[in-house]
Amino acid sequence: TKAGAGTLVLGGNNLNSGLTHANDGTLVLNGSTSNGISVGVGGALINNGIVGGAVSVDGVLGGTGTINGNLNVNNGGFVDVTGGTMTVNGNIVNSGLFVLAGGGQIAGGGTFTNNNTLDLQTAGATPPNLVNNGTIIDASVVKTKSFTKSGQTVMLMIDSYTGHNY
């Protein structure tokens, strides 16, 4: 369990039993885990390695590593894939904010179910096997000026254009 402010970096093969919890601060995975990871509201996971199970996100997930399991982004959760490819060898359910930016993209064979907001403005590609039940922000429709996340609140500043409803 990662608790408290600050950053913890894990390298090598971490053979812990059960879930790894990132409750507060930042957990940077440069190696691998044998099981899944839970990211709490006050936590962040930067996955540059391989997660050996499912990932549940109530906080922040970034990086371009691999998840060998399902990825669940809960309401208030935020995923940022910028400038690379995140591989998810399972299904993705997004009930938060999922941003693919700077050519970022998703690889893997599962279904990507969007139940909230998927930002594809500068994505490398639309996620494979996409089922949309929410809102997709596309560069041809709207331009994001900025976005911030504080706790469970996400603020998205956009430029709107005549004739578009958001």
Side-chain angles (χ1 to χ4, degrees), residues 1-114 116-130 144 146-155:
T1 298
K2 164 67 180 92
T7 301
L8 173 64
V9 178
L10 294 178
N13 190 9
N14 297 277
L15 299 174
N16 56 311
S17 62
L19 283 176
T20 298
H21 298 275
N23 293 335
D24 295 298
T26 302
L27 175 63
V28 178
L29 179 63
N30 290 332
S32 64
T33 65
S34 55
N35 292 298
I37 297 179
S38 171
V39 182
V41 171
L45 169 63
I46 307 301
N47 180 24
N48 299 319
I50 300 171
V51 178
V55 173
S56 176
V57 180
D58 288 298
V60 176
L61 170 64
T64 55
T66 297
I67 298 170
N68 287 324
N70 293 331
L71 170 58
N72 291 303
V73 184
N74 301 311
N75 189 18
F78 172 59
V79 175
D80 179 14
V81 180
T82 298
T85 300
M86 178 184 288
T87 301
V88 179
N89 294 315
N91 294 319
I92 300 170
V93 176
N94 176 43
S95 298
L97 173 61
F98 205 111
V99 176
L100 298 173
Q105 54 190 328
I106 295 293
T111 299
F112 186 119
T113 303
N114 179 47
N116 201 334
T117 304
L118 173 60
D119 183 341
L120 300 175
Q121 287 187 88
T122 59
T126 300
N129 305 315
L130 177 63
T144 301
S146 66
F147 60 89
T148 57
K149 181 179 185 305
S150 176
Q152 291 187 321
T153 302
V154 175
M155 180 176 288

> When you look at Thr113 and Asn94, which way does the side-chain contact (heavy atoms from CB on, under 4.5 Å) test go after all the steps?
Replying inline: CA-CA 6 Å; Thr113 303; Asn94 176 43; over 6 Å; no
Looking at every heavy atom in both [X] and [Y], which two are closest together, and how far apart are they?
X: Pro127; Y: Phe112; value: CB-CD1, 3.7 Å
X: Ser32; Y: Asn13; value: OG-OD1, 2.9 Å
X: Met86; Y: Val79; value: CE-CG1, 4.3 Å

Rounded to the nearest 0.5 Å, what separates atom [atom1] in [X] from atom [atom2] in [Y]?
X: Leu97; Y: Leu118; atom1: CG; atom2: CG; value: 9.0 Å
X: Leu8; Y: Lys2; atom1: CG; atom2: NZ; value: 6.5 Å
X: Leu71; Y: Ile106; atom1: CG; atom2: CD1; value: 7.5 Å

> Looking at residues at least two apart in the chain, or sitting in another chain, which of them share a side-chain hydrogen bond (donor to acceptor under 3.5 Å, both in side chains) with Thr85?
Replying inline: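 If we apply the side-chain hydrogen bond (donor to acceptor under 3.5 Å, both in side chains) test to Thr85, skipping adjacent residues, there are no hits.
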>> According to side-chain hydrogen bond (donor to acceptor under 3.5 Å, both in side chains), who are the partners of Asn75, at least two apart in sequence or on a separate chain?
In response: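 side-chain hydrogen bond (donor to acceptor under 3.5 Å, both in side chains) list for Asn75, sorted by chain: empty.
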Could you list the residues that satisfy side chain to side chain contact (heavy atoms under 4.5 Å, CB included) with [X], not counting sequence neighbours?
X: Ser34; answer: Leu15, Asn16
X: Asp80; answer: Phe78, Thr82, Val99
X: Asn23; answer: Thr1, His21

> Are any side-chain N or O atoms of Asn70 and backbone N or O atoms of Asn91, one a donor and one an acceptor, separated by less than 3.5 Å?
Replying inline: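 Checking the backbone N and O of Asn91 against the side chain of Asn70, a donor-acceptor pair under 3.5 Å is found.
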> Taking the side chain from Asn114 and the backbone from Val93, do they hold a donor-acceptor pair closer than 3.5 Å?
Replying inline: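 No; zero donor-acceptor contacts below 3.5 Å.
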> Is a side-chain donor-acceptor pair under 3.5 Å present for Thr33 with Asn14?
Replying inline: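 The criterion, which ignores hydrogens and geometry beyond distance, is not satisfied for Thr33 and Asn14.
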> Can you find a heavy atom in the side chain of Phe98 that is under 4.5 Å from one in the side chain of Asn116?
Replying inline: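 Heavy-atom side-chain distance check fails, nothing below 4.5 Å.
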Which pairs would a plain distance check flag for residues 38-67, meaning a side-chain donor or acceptor within less than 3.5 Å of a matching protein atom at least two apart in sequence or in another chain?
| unit_1 | atom_1 | unit_2 | atom_2 | d |
| --- | --- | --- | --- | --- |
| Asn47 | OD1 | Gly49 | N | 3.0 |
| Asn47 | ND2 | Thr66 | O | 3.3 |
| Asn48 | ND2 | Asn30 | OD1 | 3.2 |
| Ser56 | OG | Asn74 | ND2 | 3.1 |
| Asp58 | OD1 | Asn74 | ND2 | 3.3 |

